[in-house]
Amino acid sequence: MFARMHTLELTAEQYDRGLRLIIDDLLPWMRDSGGFRGLLGLVDRERGKAVVLSFWADEDSLGEGAEAGERLSALAAAASGGT
């Protein structure tokens with residue numbers, strides 16, 4: 001199994017917007033991607049930090065979606081206002 005990790009700095013409001021984007025946009029894309037195995041998000045609202053881990057069956061699956069995943073992550077960060 002392989003994982004991709006994203007770290008974010010954001011406010012509680014930005015987190016809520018970002019969570020909606022993940023649920024509505026990122027998860028459907030990931031589920032349609034070959035080899036996707038799961039997603040885990042951890043957040044510390046008091047410190048304004050979050051970590052999102054996506055899990056992939058193998059290195060090929062991780063690599064196949066890397067470019068699209070990075071673009072979607074950048075869009076989610078921009079839309080939510082997080083960094």
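These figures come from a predicted structure and were not determined experimentally.
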Item to complete: Write down the atom of Trp56, the atom of Ser54, and the distance for their closest heavy-atom approach.
Response: NE1-OG, 3.0 Å
Worksheet item: Which distance, rounded to the nearest 0.5 Å, do you find between the CG of Leu39 and the CD1 of Ile23?
Response: 9.5 Å
Fill in: Reported CZ-to-CZ distance for the pair Arg31 and Phe36, which is rounded to 0.5 angstrom
6.5 Å
Worksheet entry | Gap between atom CG of Leu19 and atom CG of Leu10 - 0.5 Å precision | 10.5 Å
Fill in: N/O donor-acceptor pair under 3.5 Å between Thr11 side chain and Gln14 backbone
yes
Fill in: Residue pair Asp58, Arg37: steps toward the salt bridge (Lys or Arg N to Asp or Glu O under 4.0 Å) verdict
CA-CA 10 Å; Asp58 51 44; Arg37 295 296 180 253; over 6 Å; no
Worksheet item: Shortest non-hydrogen contact from Ser61 to Gly35?
Response: OG-CA, 3.4 Å
Practice prompt. Treat each ILVMFWY residue as a node, draw an edge where side-chain heavy atoms are under 4.5 Å apart, and state whether Leu40 and Trp29 are in one component.
Written response: no
Fill in: Nearest-0.5 Å distance that lies between atom NZ in Lys49 and atom OH in Tyr15
15.5 Å
Worksheet item: Is it true that Val43 and Leu53 fall in one hydrophobic cluster, defined by side-chain heavy atoms closer than 4.5 Å?
Response: no
Item to complete: Nearest 0.5 Å please: distance from the CG atom of Leu21 over to the CG atom of Asp16.
Response: 11.5 Å
Discussion item. Is there a path of hydrophobic side-chain contacts, each under 4.5 Å between heavy atoms, that joins Met5 and Leu8?
Written reply: no
Worksheet item: So how far is it from Met30 CE to Phe55 CZ, rounded to the nearest 0.5 Å?
Response: 10.5 Å
Fill in: By salt bridge (Lys or Arg N to Asp or Glu O under 4.0 Å) - contacts of Asp32 (at least two apart)
none
Item to complete: Determine yes or no for a side-chain-to-main-chain donor-acceptor pair under 3.5 angstrom, with Arg4 supplying the side chain and Leu62 the backbone.
Response: yes
